[in-house]
Amino acid sequence: MSEPINISGVIEEIYEEQVISDRFKKREFVLLHAPNPDYPEHLKIEFVQDKCDLLDKYKVGAEVDLSL
């Protein structure tokens with residue numbers, strides 16, 4: 001089994017939940033990841049199905065640590 005990927009950053013945007021079909025939904029957010037401030041990266045991350053609700057407790061500007 002592979003090792004998890006750990007990423008930290010600041011939430012820049014949180015999108016509304018999208019219902020793709022009666023059996024699939026997703027929710028995306030943009031994370032500013034800048035281990036080197038000269039080269040920041042904007043990562044769009046997607047949660048699906050029952051994980052969509054995890055974003056409800058976060059706001060734009062929140063610093064987060066993710067394990068993917």
**OP:** Apply the test side chain to side chain contact (heavy atoms under 4.5 Å, CB included) to residues Y15 and V30: give CA-CA distance (whole Å), side-chain angles for both, the deciding distance (0.1 Å), then the verdict.
**Re:** CA-CA 9 Å; Y15 298 97; V30 176; 3.8 Å; yes
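- Judged by distance alone, with hydrogens and angles left aside, the side-chain atoms of Q49 form a donor-acceptor pair with the main-chain N or O of K25 at under 3.5 Å.
- Cluster annotation: L43 and F29 are assigned to the same hydrophobic cluster (Ile/Leu/Val/Met/Phe/Trp/Tyr, side-chain heavy-atom contacts under 4.5 Å, transitive).
- D56 has its side chain within reach of R27: a pair of non-hydrogen atoms, C-beta onward, lies under 4.5 Å apart.
- Side-chain atoms of H33 come within 3.5 Å of backbone N or O of S8 as a donor-acceptor pair.
- In this structure the side chain of L55 never reaches within 4.5 angstrom of the side chain of E28, judged on heavy atoms.
- Placement of L68 and I14 within a single hydrophobic cluster is found when ILVMFWY residues are connected by side-chain heavy-atom separations under 4.5 Å, directly or transitively.
- For the pair L32/H42, a side-chain contact is recorded, criterion being any heavy-atom separation below 4.5 Å from C-beta on.
- Atom CD of residue E3 and atom OG of residue S67 lie 9.5 Å apart, to the nearest 0.5 angstrom.
- To the nearest 0.5 angstrom, L66 atom CG is 5.0 Å from I45 atom CD1.
- Two different hydrophobic clusters hold F24 and V19 under the rule that ILVMFWY side chains link at heavy-atom gaps under 4.5 Å.
- One hydrophobic cluster, built from ILVMFWY side chains closer than 4.5 Å, holds both F47 and I11.
- No more than 12 heavy atoms of other residues, nucleotides or ligands shown are found within 6.0 angstrom of OH on Y39.
- D53 and E17 get closest at one heavy-atom pair: OD1-OE1, 4.2 Å.
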